[in-house]
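Please read the structure below before turning to the comments.
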Amino acid sequence: MPLHVPPAPAPALRSVLAALGSPTAVREARTPALRSAQGPLSPEHPLPVHVLDRIGPGGLTSTTRLAAWRFQICGPDRAVAAADTMLTPDGWTFSHFFEGPYIASTELALRQAEAASTHYQPRLLSIPELYMLALWLHEDTGADAAGGSPAPADLLVPLAPAPPGIAAHRPHQVADLLPVITTRITPGPGPLLGSPA
């Protein structure tokens with residue numbers, strides 16, 4: 001398998017398992033598929049979620065920060081929801097369950113990446129200003145999953161729904177896609193994407 005999935009922090013996994021075992025947490029989740037799922041549910045495919053905070057001139061220098069660890073919540077046949085964890089002063093803890101199109105899209109992108117011949121470390125990259133989420137295939141498979149920024153040769157696979165004009169599930173080299181993203185983001189007050197470093 002060409003994907004080298006980094007291990008999630010143990011407290012993050014424990015907190016998701018505890019939430020799955022809590023009838024209150026599952027019942028209060030706004031995820032009908034999770035509440036109605038038949039059979040055992042398990043957290044699988046942990047991925048670090050990085051947020052793209054800044055793109056430098058030309059789109060080739062970027063700054064990201066680790067915002068969450070996301071787990072696909074899988075039933076016997078498929079993923080039915082996802083769970084996010086967040087870092088608090090006391091460590092990683094469960095944040096919330098959710099569902100929507102990114103669940104199936106993430107599964108599809110991971111299957112496509114597993115069929116590739118190149119080895120990658122999978123991550124998720126959130127670009128809030130475009131309401132965009134992408135599977136980030138990092139070539140440095142031994143890198144610390146909590147750090148780093150997209151390298152020019154890394155691949156980004158936009159998940160569906162992707163912003164207009166950006167094809168979902170089509171791999172793009174970072175060096176090709178970040179300049180396109182840069183032109184779509186309007187700088188505003190504060191340290192947003194495209195603002196000077």
Side-chain angles (χ1 to χ4, degrees), residues 1-10 12-13 16 42-74 77-79 82-85 100-185 193:
M1 177 194 303
L3 292 183
H4 295 260
V5 180
L13 176 58
V16 172
S42 62
E44 298 178 14
H45 310 296
L47 294 172
V49 180
H50 292 258
V51 175
L52 189 62
D53 281 329
R54 180 172 298 171
I55 300 176
L60 295 181
T61 305
S62 57
T63 303
T64 65
R65 63 181 163 81
L66 179 64
W69 275 86
R70 180 167 297 168
F71 297 80
Q72 297 279 86
I73 305 301
C74 296
D77 301 325
R78 61 182 176 85
D84 269 4
T85 61
Y102 286 135
I103 308 300
S105 188
T106 300
E107 273 196 311
L108 175 59
L110 286 170
R111 280 196 307 272
Q112 290 172 330
E114 286 174 347
S117 57
T118 306
H119 292 256
Y120 293 107
Q121 182 190 86
R123 304 172 174 198
L124 291 173
L125 184 66
S126 172
I127 305 167
E129 287 80 0
L130 290 181
Y131 300 99
M132 180 177 170
L133 186 65
L135 180 64
W136 169 13
L137 299 173
H138 194 42
E139 282 195 322
D140 184 355
T141 59
D144 179 0
S149 292
D154 287 354
L155 295 180
L156 294 177
V157 182
L159 300 181
I166 297 176
H169 296 285
R170 181 172 171 251
H172 302 268
Q173 281 197 328
V174 167
D176 297 331
L177 187 59
L178 283 188
V180 172
I181 291 170
T182 303
T183 63
R184 291 174 177 235
I185 296 172
L193 290 168

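- Trp136 and His50 have perpendicular rings, their planes meeting at more than 60° on a 0 to 90° scale where under 30° would count as parallel.
- The two residues Ala113 and Leu3 come nearest to each other via the heavy atoms CB-CD2, 3.8 Å.
- Using a 4.5 Å heavy-atom threshold, the side chains of Leu110 and Pro122 count as touching.
- Formation of a donor-acceptor pair under 3.5 Å by the Glu107 side chain with backbone atoms of Arg78 is not found in this model.
- Pro158 and Ala162 get closest at one heavy-atom pair: CB-CB, 4.2 Å.
- Between Ala145 and Gln121, the shortest heavy-atom distance links the atoms CA-OE1, 4.0 Å.
- A 4.5 Å side-chain heavy-atom check between Phe71 and Glu44 finds every atom pair outside the cut-off.
- In this structure, Pro7 and Trp69 approach most closely via the heavy-atom pair O-CH2, 3.6 Å.
- Of the possible donor and acceptor atoms, none in the side chain of Ser105 sits under 3.5 Å from a partner among the backbone N and O of Leu159.
- Contact annotation: the side chain of Ile181 never approaches that of His172 to less than 4.5 Å [non-hydrogen atoms, C-beta and beyond].
- Under the 4.5 Å side-chain criterion, counting only non-hydrogen atoms from C-beta, Thr106 is not in contact with Leu135.
- Contact annotation: the side chain of Asp154 never approaches that of Asp140 to less than 4.5 Å [non-hydrogen atoms, C-beta and beyond].
- Side-chain contact between Pro171 and Leu137: absent, with no pair of heavy atoms (C-beta onward) separated by less than 4.5 Å.
- Here CG of Leu133 is found 10.5 Å from CG of Leu156. Values are rounded to the nearest 0.5 Å.
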Check the pair Leu47, Arg123 against side chain to side chain contact (heavy atoms under 4.5 Å, CB included), reporting the backbone distance first and the verdict last. CA-CA 5 Å; Leu47 294 172; Arg123 304 172 174 198; 5.9 Å; no
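- Residues Ser149 and His138 approach most closely at O-CE1, 4.0 Å, considering heavy atoms.
- Residues Thr118 and Leu155 are not in side-chain contact: their nearest non-hydrogen atoms beyond the backbone lie 4.5 Å or more apart.
- Taken to the nearest 0.5 Å, the CG atom of Asp84 stands 9.0 Å off from the CG atom of Leu124.
- The distance from the NE2 atom of His169 to the CD atom of Gln112 is 6.0 Å, given to the nearest 0.5 Å.
- Note: Glu139 CD to Tyr120 OH = 5.5 Å, rounded to the nearest 0.5 Å.
- We find the CD1-CD1 distance between Ile166 and Ile127 to be 7.5 Å, quoted to the nearest 0.5 Å.
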Please report the C-alpha distance between His45 and Val5 in whole Å, then the side-chain angles of each, then the deciding distance to 0.1 Å, and finally whether the side chain to side chain contact (heavy atoms under 4.5 Å, CB included) criterion is met. CA-CA 8 Å; His45 310 296; Val5 180; over 6 Å; no
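- A 4.5 Å side-chain heavy-atom check between Val174 and Pro152 finds every atom pair outside the cut-off.
- When all heavy atoms of Pro128 and Leu52 are compared, the closest pair comes out as CD-O, 4.2 Å.
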